[in-house]
Amino acid sequence: MSAILFLLSGCSLDVFGNAKADELVEFNNEKLNKILKMEEEATKPILEAANGYDLDVLIEAVEGAKPEYDKMVKEIDSWEFDTDEIQAKVKELREIVVMTRDNLDVQVEAFKTENDEKLNEAEENQMEIEKKAEKFDKDLNKLADEWDVEITDQELESES
């Protein structure tokens, strides 16, 4: 499971009131969850291929995920929010998605060449992505607390 999907597995916000809170609800419940579902679909073939231990199938699955991550970036780029804090969260999310997409290129090269340095680079990139995703999640929760928006955990439905 990817860092974004694991760490940001769909918080549900329950709030009534001000415009800031409304934007946070829209960002979290609608926009972020859409990206999480898109990522879940993009990574499903990778996870299945990783379990099969066939390197060619894994490479094909990673290659297949690239256009899906490009779609996620386009989706994020289409969002408009008035609140500076939400705009900052959108920017952070976009950065995480772009980093993940770029790391797919590194992974493919590492798998194709079986180069240990590239494998290590891909692992280091993934650790950095996970750190950014953890910070994003922590900051999102902090923002919800500051704005008195209640966040409850919510599981994304798996289509297995």
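One hydrophobic cluster, built from ILVMFWY side chains closer than 4.5 Å, cannot hold both Val57 and Val62; they sit in different ones. Under the 4.5 Å side-chain heavy-atom criterion for grouping Ile, Leu, Val, Met, Phe, Trp and Tyr, Leu93 is connected to Met99 within one hydrophobic cluster.
Lys135 has a carboxylate O that lies under 4.0 Å from a charged side-chain N of Asp139, or vice versa, which qualifies the two as a salt bridge. A salt bridge links Glu63 and Lys112; the closest N-O separation between the charged side-chain nitrogens and carboxylate oxygens is under 4.0 Å. With respect to Lys44 and Glu41, a salt bridge is recorded, a charged nitrogen being found less than 4.0 Å from a carboxylate O. The pair Lys66-Asp105 meets the salt-bridge criterion, with a side-chain N (NZ, NE, NH1 or NH2) lying under 4.0 Å from an Asp/Glu carboxylate O. With salt bridges taken as basic N to acidic carboxylate O contacts below 4.0 Å, none links Lys37 and Glu40. A salt bridge links Lys89 with Glu92; the closest basic N to acidic carboxylate O contact falls under 4.0 Å.
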Show your reasoning for whether salt bridge (charged side-chain N to carboxylate O under 4.0 Å, His left out) applies to Glu134 and Lys131. CA-CA 5 Å; Glu134 287 174 10; Lys131 283 182 193 176; over 6 Å; no
Report the C-alpha separation of Met38 and Glu68 in whole Å, then their side-chain angles, then the decisive distance to 0.1 Å, and conclude whether the side chain to side chain contact (heavy atoms under 4.5 Å, CB included) test is met. CA-CA 7 Å; Met38 291 172 76; Glu68 300 307 312; 5.7 Å; no
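Taking CD1 of Ile86 as the reference point, atom CG of Asn28 lies at 9.0 Å (rounded to 0.5 Å). Taking NZ from Lys138 and NZ from Lys142, the interatomic distance works out to 7.5 Å, rounded to the nearest 0.5 Å. We find the CZ-CG distance between Phe27 and Asp22 to be 15.0 Å, quoted to the nearest 0.5 Å. Interatomic distance, Met72 CE to Ile96 CD1, rounded to the nearest 0.5 Å: 12.5 Å. Here the straight-line distance linking atom CD of Glu124 with atom CD of Glu117 works out to 10.5 Å at 0.5 Å rounding. Considering CG of Leu119 and OG1 of Thr113, their distance stands at 7.0 Å, rounded to 0.5 Å.
With sequence neighbours excluded, the residues that form a side chain to side chain contact (heavy atoms under 4.5 Å, CB included) with Asn103 are Val106, Gln107, Ala122, Asn125, Gln126, Ile129.
Partner of Lys34 under the salt bridge (Lys or Arg N to Asp or Glu O under 4.0 Å) criterion, out of Glu39, Glu26, Glu75: Glu75 alone.
Inter-residue side-chain proximity for Trp147 and Glu85 is flagged as met; some heavy-atom pair is nearer than 4.5 Å. The side-chain heavy atoms of Val73 and Arg101, taken from C-beta on, include no pair separated by under 4.5 Å. Using a 4.5 Å heavy-atom cutoff, the side chains of Val149 and Leu143 are not in contact. Side chains of Arg94 and Val98 form a contact here, defined as non-hydrogen atoms less than 4.5 Å apart. Considering only heavy atoms from C-beta on, Phe81 stays 4.5 Å or farther from Leu24 through its side chain.
Between the side chain of Asn51 and the backbone N or O of Leu47, at least one donor-acceptor pair lies under 3.5 Å. Judged by distance alone, the side chain of Glu23 and the main-chain N or O of Asp82 form a donor-acceptor pair under 3.5 Å. The backbone N or O of Asp137 lies less than 3.5 Å from a partner atom in the side chain of Asn141, making a donor-acceptor pair.
Of all non-hydrogen atoms in Trp79 and Leu32, the two that sit nearest each other are CH2-N, 4.2 Å. Shortest non-hydrogen contact noted between Pro45 and Ala61 is O-CB, 3.6 Å.
When the shell of 6.0 Å around CD of Glu30 is examined, it contains more than 12 heavy atoms from other residues, nucleotides or ligands.
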